[in-house]
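Protein chains get the first letters and strands the later ones, always in sequence-line order, with residue 1 at the start of each. For clarity, every value in this text was computed on a predicted model and none was experimentally measured.
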2 protein chains.
Amino acid sequence: MADSCIAARLSHFLALTEEEASALARLEENPRDYRRGEMIGEQGAPADELFIIRSGWAYSHISFDGERRQILRLEFPGDLMGTSSIAFGKASDNLTAVTDCTLCPLDRPALRQLFIDHCRLAALLFVISQAERVSMDDRLASIGRSSAKSRIAALLLDILVRFRIMHGEDLDRVEIPMTQEEIGDATGLTPVHVNRMLQELSRDELISRKKNEVHILDEVGLVELAEYINRYADVDTSWLPPPEA
Amino acid sequence: MADSCIAARLSHFLALTEEEASALARLEENPRDYRRGEMIGEQGAPADELFIIRSGWAYSHISFDGERRQILRLEFPGDLMGTSSIAFGKASDNLTAVTDCTLCPLDRPALRQLFIDHCRLAALLFVISQAERVSMDDRLASIGRSSAKSRIAALLLDILVRFRIMHGEDLDRVEIPMTQEEIGDATGLTPVHVNRMLQELSRDELISRKKNEVHILDEVGLVELAEYINRYADVDTSWLPPPEA
DNA sequence: CGGCTACTTGACCGGTATCAATGTTAGTGG
DNA sequence: CCACTAACATTGATACCGGTCAAGTAGCCG
């Protein structure tokens with residue numbers, strides 16, 4: 001099987017059949033490249049594509065009066081982006097490339113076919129989307145009810161934990177290619193204050209930084225500070241329909 | 001057919017086949033009553049039920065150290081609560097009755113069977129969960145990036161717009177049976193500040209209040225202040241798999 | 001009537017935003 | 001290789017929004 005990002009991602013939750021893996025691989029036939037900072041999709045534009053990230057980072061965000069904006073989700077290799085446009089004809093958010101990245105567009109008919117042919121994968125996508133929703137719940141709680149320092153800690157942990165899905169459990173450092181302004185847009189803070197909080201986290205010896213790389217020194221301390229709950233650890237796939245053989 | 005809450009809800013989005021409707025009807029169990037303030041489900045508890053609200057208000061919330069908490073979603077009649085427990089064995093949030101209310105519990109194992117037998121319904125649930133996610137996106141943006149007054153305005157508008165679905169488009173006043181502390185838990189504010197902002201909205205003649213009833217005086221002004229986007233436009237289900245019959 | 005609970009009001013404080021200046025790094029063209 | 005530039009990161013000074021604390025008021029229900 002040619003390397004399919006989405007298959008690699010899903011197989012962390014479930015042992016895929018040969019059939020399923022190749023159906024997924026077929027979704028990724030026409031990769032498209034975007035440059036750092038390039039806008040992939042725009043709020044309000046008619047959208048009948050989803051994207052699977054093959055490489056690079058992207059994020060979805062809502063912007064207000066042109067200045068303020070809120071980053072909603074960071075999207076990593078293997079993630080399925082733009083799923084909100086499944087429910088609406090129009091995109092509800094902007095998609096922007098954080099780094100140069102390669103995406104595999106996938107149109108709604110293809111997804112539909114997947115739902116028909118591979119119910120088990122459909123159910124798995126549903127489960128994953130619930131997990132994402134729960135993690136949005138946690139972000140809402142974090143932004144609504146905790147301090148700037150805790151929010152930054154929560155963001156860092158979320159990135160770390162999600163990277164571990166692809167890179168192994170002993171990962172303790174991540175290259176974060178976002179500007180501090182972007183981190184602020186994700187956490188609801190100003191860039192200046194992001195900077196100060198990162199410094200405080202370093203001073204508290206919870207993390208250390210070199211260039212864009214963040215090294216997690218005291219994960220337990222960070223988890224406590226952020227009141228972080230790792231939701232991906234609890235995903236339950238035992239109830240899914242059986243493989244179709 | 002005895003009135004099935006969930007079939008009624010889903011048929012707002014899609015014409016159900018006879019087969020599908022009766023499969024849904026089989027999921028239903030006896031309605032259950034809860035009193036104002038009663039906890040319906042608890043964070044971390046094993047959860048194998050979903051609920052459809054037949055009457056009353058409820059909300060889901062996460063609580064932290066016992067004091068602080070964040071209300072995630074307000075749930076009104078017709079809403080499906082507890083879907084995150086489909087993906088996890090355990091509830092990720094608390095469910096509490098705002099008013100006395102009547103709920104229809106749905107059996108989770110039976111819902112699993114539904115995924116196997118009726119992929120189209122599974123896809124529909126997927127779509128609905130995406131729509132909910134988009135509305136969470138808006139709340140995240142509101143809480144992350146706007147002022148206290150705007151957040152209150154956004155909450156009021158959201159309640160109003162969702163009530164209109166059931167009570168008609170010319171509705172301009174809503175009875176809100178929440179305490180100001182609960183409004184604070186929904187918007188990430190303290191009860192004291194909620195009070196001040198409500199008074200400011202009144203002083204600005206955007207709303208007026210009598211007891212718990214809020215009268216929307218200047219909807220355009222509120223929408224502008226909150227930068228509110230009404231997402232409850234038609235959900236697009238045109239791409240779903242065809243009925244199986 | 002008393003004792004809740006929720007709402008209201010005022011005084012004050014602190015965390016975060018804002019504004020502004022400086023330092024640092026990467027890229028670009030000569 | 002260096003000068004120039006443009007982002008981005010860092011630092012400091014100050015302002016303000018919303019939090020905290022505390023006291024008082026108004027309903028409501030026994």
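A donor and an acceptor atom, one from each side chain of Q180(B) and N195(B), are located under 3.5 Å apart. No side-chain N or O of T99(B) forms a donor-acceptor pair with one of R35(B) less than 3.5 Å apart. A donor-acceptor pair shorter than 3.5 Å cannot be found between the side chains of R68(A) and S146(B). A donor atom on one side chain and an acceptor atom on the other are found under 3.5 Å apart for N94(A) and Q43(A).
Atom CE in M197(B) sits roughly 9 Å away from atom C1' in dC17(D) (whole-Å rounding). As a whole-Å value, the separation of H193(A) NE2 from dC8(D) C1' is 19 Å. Straight-line distance from the CG atom of L198(A) to the C1' atom of dC8(D): 13 Å, rounded to whole Å.
Residue R196(A) forms a side-chain contact (heavy atoms from CB on, under 4.5 Å) with just one option from V194(A), V192(A), L198(A), and that option is V192(A).
Using a 4.0 Å cut-off, some side-chain N or O of N195(A) falls inside it from OP1 or OP2 of dT10(D). Between Q199(A) and the phosphate of dT11(D), there is a side-chain N or O to OP1/OP2 separation shorter than 4.0 Å.
Contact annotation for G188(A): backbone-only contact, meaning every heavy-atom pair under 4.0 Å involves sugar-phosphate atoms and none involves a base. Contact annotation for T190(A): base contact, defined as any heavy-atom pair under 4.0 Å involving a base atom.
At least one donor-acceptor pair under 3.5 Å links the side chain of R145(B) to the backbone N or O of L189(A). Between the side chain of R73(B) and the backbone N or O of S60(B), no donor-acceptor pair lies under 3.5 Å.
DNA chain D is contacted by no residue of residues 137-149 of chain A, taking any non-hydrogen atom closer than 4.0 Å.
The number of heavy-atom neighbours closer than 6.0 Å to CD of E132(B), taken from other residues, nucleotides and ligands shown, is above 12.
Note: H61(A) and Y59(A) have perpendicular aromatic rings, judged against thresholds of 30 and 60 degrees for the angle between ring planes. F163(A) and W57(A) have tilted rings, their planes meeting at an angle from 30° to 60° on a 0 to 90° scale.
Bracketed by its first and final contacts, the part of DNA chain C lying under 4.0 Å from non-hydrogen atoms of chain A reaches from dT16(C) to dA26(C) in 5' to 3' order.
Both R209(A) and L189(B) sit near DNA chain D, but only R209(A) has its closest nucleotide nearer the 5' end.
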Distances under 3.5 Å only, N/O to N/O: pair up the protein atoms with those of nucleotides 21-28 of chain D.
{"residue": "dC28(D)", "atom": "OP1", "partner": "K211(B)", "partner atom": "NZ", "Å": "2.5"}

